[in-house]
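Beneath this line is the structure, given in structure tokens, with notes to follow.
Read the numbers this way: they start at 1 and go in the same order the structure lists the ligands and their atoms. Worth saying up front: this structure is predicted, and the values here are computed from it rather than measured.
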Amino acid sequence: MEWDRAARYKKLSEITEAEFEALQLKTDQSPWRQAFHIQPISGLLNDPNGFCYYNGEYHLFYQWFPLGPVHGLKHWYHTTSKDLATFKNKGLAVTPDTKWDSHGAYSGSGIVVNGQFYIVYTGNHRTEAWKRVPYQVIAQIENGEAINKTKIIDGPHEGYTDHYRDPKVWYENGLYYMVLGAQRTNETGTIVVYTSMDFKEWTFKGELETTYDDFGYMWECPDVFSLNNQDVVLFCPQGLDPVDGKYQNIYQSGYLIGHIDRTTLEMTHGEFQELDHGFDFYAPQTTLDKDGNRILIGWMGLPDTDYPTDEYGWAHCLTLPRVLTIEDGKLRQRPVPSLQKLRRNEETALGYATRRNVKLHPYEGKAYELIVDILENEAPEFYLELKVSKKESTLMTYNKAERRLTLERFDSGRVSQEVVGTSRSIVLEKDLSQLQIFVDHSSIEIFINDGEAVMTSRIFASEQATGIRTSTANGQVYLKFTKYDLIGE
Ligand code: FRU
């Protein structure tokens with residue numbers, strides 16, 4: 001299928017029921033459909049949006065182009081969850097049907113105001129000359145659909161280009177705040193701040209002032225929240241060159257921790273840290289759960305990259321939800337505890353990984369959680385292979401002297417294009433003591449040392465790639481394996 005402009009800018013409402021069903025059927029028949037991750041029923045999913053707890057349920061939307069695996073006309077798709085472990089598909093929530101969002105209902109956030117659920121998002125409009133005009137729009141969500149769309153901010157503020165989007169809103173001490181990802185006219189990325197007394201009239205307050213004045217050409221998807229009495233700012237800078245093993249993916253997603261002066265908007269902060277060290281992570285969004293924990297969900301994909309599922313008419317999924325805390329000046333990310341509800345068939349094994357390739361029992365799975373406790377490590381290099389078939393293997397290597405964990409996709413199966421390099425690695429602060437790994441049909445999320453770091457990647461292996469193996473370069477590692485099959489809904 002040729003994705004020319006006309007095909008990319010078609011709405012879901014412009015195709016027939018039968019055509020839509022055919023797209024869903026094609027998607028359903030694809031290999032690599034996930035068992036317990038949020039994935040589109042057809043077409044392309046990208047950023048999580050509007051994440052919010054309202055009326056006893058979590059609401060989570062995502063950027064959606066229903067008609068194919070390309071970044072076409074963005075709609076919002078709606079899912080809900082009672083527990084953050086299983087999500088129900090609810091259907092189309094935002095159709096790009098006004099002048100403001102005519103060329104895409106772009107990313108935004110959710111908020112409850114006076115007992116009503118609202119979303120605030122960027123309407124992407126193109127003029128006849130194809131000039132981009134970003135509008136910030138508020139809509140109410142009623143029965144899962146956006147109604148009463150109202151434009152609240154008209155175009156970029158002076159000093160910024162038309163890359164001005166992805167509002168995150170919150171309420172604090174009698175004021176509504178909004179942060180937007182922006183590009184200055186000198187083509188550097190930043191975050192701008194607006195406030196409102198009544199959620200209707202919004203006033204430009206200026207930039208969030210950080211020391212990162214020249215750090216990429218655009219910052220997408222900002223998020224700001226307080227955690228353990230500190231301020232955390234998440235954003236996705238585009239245009240960073242790789243340095244010292246950092247910034248390996250096409251675009252980055254990371255955070256600053258510090259303090260924001262609410263009057264001057266100056267932020268004192270530490271270094272920019274990446275949120276994830278795998279191949280596929282971008283545009284995360286957070287909300288508070290019903291008990292006040294900060295929960296993060298990301299897009300398990302990246303812009304400007306082709307994925308093997310494209311040929312089946314769909315692309316991407318979201319990550320599992322993670323609980324955030326600050327420990328030793330860094331964000332820790334742990335899978336939400338409710339995911340334990342998906343566990344079935346516990347199997348455990350205690351034993352040694354040695355130079356010979358060992359298949360420890362339990363040694364296979366398709367959709368599972370595997371916890372590897374490293375009880376004693378006398379091996380300079382320790383290997384854990386997952387999704388193993390005769391020809392395939394997704395390899396994790398832990399180098400003890402360097403404290404470096406490497407994920408290697410060279411023999412994993414099909415890969416996304418054009419991705420630089422076949423491995424990603426991270427140097428840990430402490431010796432490797434635990435891996436908690438969520439393996440789905442086409443993804444792997446590796447939580448290292450109880451949330452010290454995470455590596456998230458899509459893996460497109462064959463159906464036969466179900467094996468689990470361990471070995472060492474020499475010496476031995478004493479391990480405990482705990483494995484659960486995981487079921488989706
Ligand atoms: C990030 C992003 C956002 C934008 C959305 C459009 O992936 O580019 O900046 O709002 O995707 O789908």
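- Counting the atoms of ligand 1 from 1 in the order shown, those under 4.0 Å from a heavy atom of Gln63 are 5 (C), 6 (C), 12 (O).
- Counting only heavy atoms of the protein, atom 2 (C) of ligand 1 lies nearest to Asp47 OD2, 3.4 Å.
- Using a 4.0 Å cut-off to heavy atoms of Lys74, the atoms of ligand 1 that qualify are 12 (O).
- For ligand 1, the atoms sitting less than 4.0 Å from at least one non-hydrogen atom of Tyr282 are 1 (C), 7 (O), numbered in the order shown with element in parentheses.
- The heavy-atom pair separating Trp130 from Arg126 by the smallest distance is O-NH1, 3.2 Å.
- Checked by atom type, the side-chain pair Thr305/Gln417 shows no donor-acceptor distance below 3.5 Å.
- Of all protein heavy atoms, the one lying nearest to atom 8 (O) of ligand 1 is Glu220 OE2, 2.8 Å.
- Around atom 3 (C) of ligand 1, the closest heavy atom drawn from Leu44, Asp166, Asp304 belongs to Asp166.
- Side chains of Tyr106 and Pro134 form no contact here, defined as non-hydrogen atoms less than 4.5 Å apart.
- When heavy-atom distances to ligand 1 are checked against a 4.0 Å cut-off, Asn46 comes that close only through its side chain, counted from C-beta outward.
- If you check the side chains of Gln136 and Tyr164, you find no donor sitting under 3.5 Å from an acceptor.
- Distances below 4.0 Å separate heavy atoms of Ser107 from the following atoms of ligand 1: 5 (C), 10 (O).
- The pair Asp280-Arg458 fails the salt-bridge criterion, with no side-chain N (NZ, NE, NH1 or NH2) lying under 4.0 Å from an Asp/Glu carboxylate O.
- Between the Asp440 side chain and the Ser442 main chain, no donor and acceptor come within less than 3.5 Å of each other.
- Relative ring orientation between Tyr135 and His125 is described as tilted, the plane-to-plane angle lying within the 30° to 60° band.
- Counting the atoms of ligand 1 from 1 in the order shown, those under 4.0 Å from a heavy atom of Trp299 are 7 (O).
- For Arg165, a nitrogen or oxygen atom sits less than 3.5 Å from a nitrogen or oxygen atom of ligand 1, counting backbone and side chain alike.
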